[in-house]
Amino acid sequence: MMDDARERERHARFSRRALVLLGGQLAVGGVLGWRLWQLQVLEGEAYLNLAEENRVNLQPVAPERGEIFDRAGRPIAVNLPNYTLKLIRERTDSTEATFARLRKLIDLTPREERIALSRLRRTRGFVPIPLKENLSWEAFSRINANAPSLPGVVPEATWTRFYPEADGLVHVVGYVAAVTDAEIERDRSNDPILRLPNARIGKNGIEKSAERNLRGAAGARRVEVNAAGREIRELSRDEGRRGDDLTLTIDLDLQRYAMERLKGESAAAVVMDVITGDIVALASTPGYDPNKFVFGISTTDWNALRADDHDPLRNKALAGAYPPGSTFKMMTALAGLETGLVGPSQSWFCGGKMRLGRRDFHCWKRGGHGSMNLKSGLKYSCDVYFYEVAKKVGIRKLAELCGRFGLGEAPEIEAPNVKAGNMPTPEWMLAARGERWSGGETLNVGIGQGAVLSTPLQLAVMTARLANGREQVSPRLIKGRNGVDVPVKPFAPLGVDPRNLAKIHDAMNAVSNEAGGTAFRSQIFDDDWRIAGKTGTAQVRRITVAERAVRVRKNEELPWHLRDHALFVAYGPVQAPRYAIGVVVEHGGSGSKAAAPVARDILLRAFFRGEPPLEAYPPWIRPEIEAARKAAEQARLSTDPAGALRGQAL
């Protein structure tokens, strides 16, 4: 009996343990089943996406950059096919053997090989690295024809920037070049385009200021990769959004002529529409070829540009700050009229200098001009007259008026590195130099010397506002986007009495069109196209008392860098102003000799939209103009035999 009881107890214990074990197994199985259901049903889509991301890689695709055109639709920055080579290390037998084969087919330089080897050492074996760019079509074809013997070499056709005008528009358009590490770090948008191999962005000009519009939006390619990240195949491709095409206000024909007219000088000229503010020409000489920067300029070329004393890298039209000299005198005269402190017939006697305190302030004409009023003062550019006006007006009222004409502030224009010049005040003097303002400073500013500085663009803006007479017309460079015109923004009122402006206009007309005017020899001999202007000569050094006692040396007797700057501003036609111009010729000497003829010739081209009639020029230069035209025509025919034969037949 006891044995039976013990047996039953063992069976009971076994059954309980079996139930407990079974229960545990069922619980574990239930948990596993629930988790499996959760993974497959509830979270299946999420894990499928993760797996897909491990298998499929998204890679950015650079869009085609927007192109740039002049106001007539002529191309000035375009995209051309860029035939390139890339190298994938793991697909090569050996890099040395690959380089040896490539040398027989293309011009592969030692420098390019060194750069490629350096990149290969820093890059995983299956990642392609750039090897060579800008191949000719013939070289690209040879590579493709020999592809079986070039394992690891991947030929590609992409896009590159090309500037057909070369140095003629570089200071307007700028250029693109490779992205630097510093630029990537500064990019807060994390644009993937900047991180692509061979990415290029605008470094100057419109290319830089309109970079976001021109760049477009990145596309993407979906590629299948294995567990190691190696690309297997491309699944799909989105080319992205092409950058915006831009139409500039520049007139290409006028721009070419302005650059040619200033050739050989360190100079700048800006032509502006006085109604819309359109910049139709913006020339800065000398220029440089922006195409050399696209793939990286050589050290030799870079050093040559930096060593040039005419400073081709600087955009003198926007960033060259110069004393405006006598081109500023319209501001002094207008301030006198606007404040009511000076009347148009009020006169002062010029004996060659004016005494203030213990210092003499000299007129440019040693013997003086005699009695001068507003019109004659501007016509003959008498310094003493404007010393007296500036003394009566004072610097604060003069500076306030100049602000309405764009002096002392950077013009709002679609370009980088635009200088503000300087319109000095007592507050500026104290902050900048730690000195109190003196009466002598006011006299110097009154004739455009001293601490006042302006750019050629500011001089053009000042003159355009004088010619417009009603509005503070502002400059612009972008006329349209993607074929659609950009509306001209409304301008603030100028707030100047038209009667006072009429007196300034009359005096500027006398400068250019009345005998004795400082620009009379650069007048236009067609009544319908006459211009009104003002010459200027800005000193770059102080003339000592000892020099004046003997004789002030002429500019041509001085070293080039010590000669005065030559300036001229003008608008025209006088009866219905359309264009204004500001010209600065660095160390050109006299504004009447070096700058005024340039401005006249450029404005004539703008008026006639091409070569003006010979009769529009002064009689004393017509033989020279006619001879130059004949020489140009002979040069053209010598390079165009068919044209020469047609000319003989006619």
A.B. asks: Under the side chain to side chain donor-acceptor pair (under 3.5 Å) criterion, do D301 and S298 qualify, and how do the steps go?
C.D. replies: CA-CA 5 Å; D301 288 341; S298 70; 3.2 Å; yes
A.B. asks: Answer yes or no: is there a donor N or O on one side and an acceptor on the other, between the side chain of S118 and the main chain of R114, under 3.5 Å?
C.D. replies: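 The answer is no, because no donor-acceptor pair under 3.5 Å joins these two groups.
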A.B. asks: Answer yes or no: does atom CD of E412 have more than 12 heavy-atom neighbours from other residues, nucleotides or ligands under 6.0 Å?
C.D. replies: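 Atom CD in E412 is not packed in, count stays at 12 or less.
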A.B. asks: Distance from E611 atom CD to D253 atom CG, nearest 0.5 Å?
C.D. replies: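 These two atoms lie 12.0 Å from each other.
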A.B. asks: Looking at side-chain heavy atoms only, is the closest gap between H171 and Y288 below 4.5 Å?
C.D. replies: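 Yes - at least one pair of side-chain heavy atoms lies under 4.5 Å apart.
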A.B. asks: Are more than 12 heavy atoms, taken from residues, nucleotides or ligands other than D181, located less than 6.0 Å from that residue's CG atom?
C.D. replies: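 Count not over threshold, so no.
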A.B. asks: Is a side-chain donor or acceptor of N482 paired with a backbone partner of D245 at a separation under 3.5 angstrom?
C.D. replies: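 Between the backbone of D245 and the side chain of N482 there is a qualifying donor-acceptor contact (under 3.5 Å).
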A.B. asks: State, with a plain yes or no, whether a side-chain heavy atom of L262 is found less than 4.5 Å away from one of V598.
C.D. replies: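 SC-SC contact between L262 and V598 confirmed.
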A.B. asks: Quick one: which of F293, Y163, F162 gives a ring-ring contact (aromatic ring centres under 6.0 Å, His included) with Y175?
C.D. replies: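 Testing each of F293, Y163, F162 against Y175, the sole residue satisfying ring-ring contact (aromatic ring centres under 6.0 Å, His included) is F293.
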A.B. asks: So, does N79 use its side chain to make a donor-acceptor pair with the main chain of R65 at under 3.5 Å?
C.D. replies: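 The answer is yes, because a donor-acceptor pair under 3.5 Å joins these two groups.
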A.B. asks: Side-chain contact test, heavy atoms from C-beta onward, threshold under 4.5 Å: evaluate it for L248 versus I478 and give yes or no.
C.D. replies: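 L248 vs I478: side chains touch.
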A.B. asks: Report yes or no: do Y83 and E138 form a side-chain donor-acceptor pair below 3.5 Å?
C.D. replies: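 E138 and Y83 do not have a side-chain donor-acceptor pair below 3.5 Å.
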A.B. asks: With a 4.5 Å limit on heavy-atom distance, are the side chains of S266 and W560 in contact?
C.D. replies: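 When only atoms from C-beta onward are counted, W560 and S266 do touch, with a gap below 4.5 Å.
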A.B. asks: H587 and H565: ring pair (Phe, Tyr, Trp, His ring centres under 6.0 Å), yes or no, with the steps?
C.D. replies: CA-CA 4 Å; H587 310 295; H565 296 320; 4.6 Å; yes
A.B. asks: Report yes if some heavy atom in the side chain of V488 is under 4.5 Å from a heavy atom in the side chain of R476; otherwise report no.
C.D. replies: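 Side-chain contact under 4.5 Å: yes.
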A.B. asks: Looking only at heavy atoms, which two atoms of P290 and V170 are closest? And how far apart?
C.D. replies: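 So the two residues come closest at CB-CG2, 3.8 Å.
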A.B. asks: Evaluate the salt bridge (charged side-chain N to carboxylate O under 4.0 Å, His left out) criterion for residues K316 and D311: first the C-alpha distance (whole Å), next the side-chain angles of each, then the deciding distance (0.1 Å), finally the verdict.
C.D. replies: CA-CA 9 Å; K316 301 175 182 70; D311 200 2; 5.6 Å; no
A.B. asks: Does a side-chain heavy-atom distance below 4.5 Å link Y579 with L603?
C.D. replies: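 Yes, side chains in contact.
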